[in-house]
2 protein chains.
Amino acid sequence: MQNYIKDVEKTLKNGDFKLTHRRKAVLGVLWDNKDKHLSAEEVYNLVKEKEPDVGLATVYRTLELFSGFGIVCSMDFGDGRMRYECIDSKNEGHHHHHIICLKCGKILEMAEDLLDDLEARVSRELSFKVLDHQLKIFGHCSECK
Amino acid sequence: MQNYIKDVEKTLKNGDFKLTHRRKAVLGVLWDNKDKHLSAEEVYNLVKEKEPDVGLATVYRTLELFSGFGIVCSMDFGDGRMRYECIDSKNEGHHHHHIICLKCGKILEMAEDLLDDLEARVSRELSFKVLDHQLKIFGHCSECK
DNA sequence: ATGGTTGCAAAAGATTTGCACCGGA
DNA sequence: TCCGGTGCAAATCTTTTGCAACCAT
């Protein structure tokens, strides 16, 4: 965690941005909830526990800033709000395959990268430079089906 | 096209809904733009060319109605608005794999279903009932890279 | 006349922006 | 002092909803 913060600080400094208290608080919340997929408002509420007078706009601006530096990634599960998760060295570059239960809304993950063949085909046949991908699988989880 | 309209009419009638002029106009626009991925507002503007006094709310309500009956499918490319495409017998049940150029916004399609193995694994290992999936591949197209 | 359908306007909800103020180098 | 960072409120943008009018059966 401490090293991670240092890394983020360095990354931001390269772009002439600072890791302020507010931003550090946002980062801390994301770090503590790496396994979740927090919405901006959820991040906001958690940050407010430590910094009661933070503004929602700051959270949005911070998330956008972090996004631009690849510190967090944002994802969309189709429920009308974005979700955010921080990226550390362990999951960097990994694509998440989200498995979404349509009944209870639970989200499972399959982090393995099984789409290499498909990506290779797209590259080759369409001469398309693949940068990223997202896979979502919808259905009913073991408890709901 | 005529047969298609009849089919849709029948489908709706089963649910005690009518295929009104307005709804037929929406369907016509979607049919004429099967290859595109129109947003609600784009559909609205196209419908207005034929039916100038249609309301945007009607377009939304129609798209939602059609969605519920599997007449259209909606998709989200992460640009803050939904896209709609009608489903006919030719592409019914097929999952679209969208390949999105991050520079020019062009959207290519790969309709083949290459994720069966992956779905089977999800089913087996997580005992998850797979109903649908979405795959999006981001990158740069042949013209932009 | 009955009940689904519609247009309009207002509401809702997530996110962004304008702006004045603040606070650390 | 200076300039990025911040909170607040207002604006934005897509989508939804309330409601009275409408239209076909």
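We name chains A, B, ... by the order of the sequence lines, and we start the count at 1 in each one. What you see is a predicted model; the values in this text were computed from it and never measured. All values below were derived from every heavy atom in this structure, side-chain atoms included, with hydrogens, water molecules and symmetry-related copies excluded.
Of the candidates D:dA9, C:dA9, D:dG5, the closest approach to any side-chain atom of B:Ala57 belongs to C:dA9.
Residue A:Arg81 has no polar side-chain atom (N or O) positioned under 4.0 Å from OP1 or OP2 of C:dT15. OP1 or OP2 of C:dT15 lies within a sub-4.0 Å distance of a side-chain N or O belonging to A:Tyr60.
Atom pair A:Leu38:CG and C:dT15:P shows a separation of 13 Å (rounding to whole Å applied). Distance CG (A:Leu63) to C1' (D:dT6): 15 Å, rounded to an integer number of Å. Following rounding to the nearest Å, A:Met82 (CE) and C:dG13 (C1') show an atom-to-atom distance of 15 Å. Here the P atom of nucleotide C:dG23 and the CZ atom of A:Arg23 are 16 Å apart, to the nearest Å. In this structure, A:Lys24 places its NZ atom 14 Å from P of D:dG5, rounding to the nearest Å.
Remark: the A:Glu119 side chain and the A:His133 side chain contain an N/O donor-acceptor pair separated by less than 3.5 Å. Using modelled atom types, one finds no donor on one side chain facing an acceptor on the other under 3.5 Å when comparing A:Glu42 with A:His37.
Aromatic ring orientation, B:Phe69 versus B:Phe17: perpendicular (interplanar angle above 60°, classes split at 30° and 60°). Using cut-offs of 30° and 60° for the angle between ring planes, the B:Phe77 and B:His98 rings count as perpendicular.
With hydrogens and angles left out, the side chain of A:Arg61 and the base of D:dG4 share no donor-acceptor pair within 3.5 Å.
Nearest-nucleotide mapping onto DNA chain C: of A:Glu41 and B:Glu51, the residue sitting toward the 5' end is B:Glu51.
For A:Tyr60, the ring-ring contact (aromatic ring centres under 6.0 Å, His included) criterion is met by no residue, not counting sequence neighbours.
The stretch residues 11-22 of chain B touches DNA chain C through B:Phe17, B:Lys18, B:Thr20, B:Arg22, each having a heavy atom within less than 4.0 Å of the strand.
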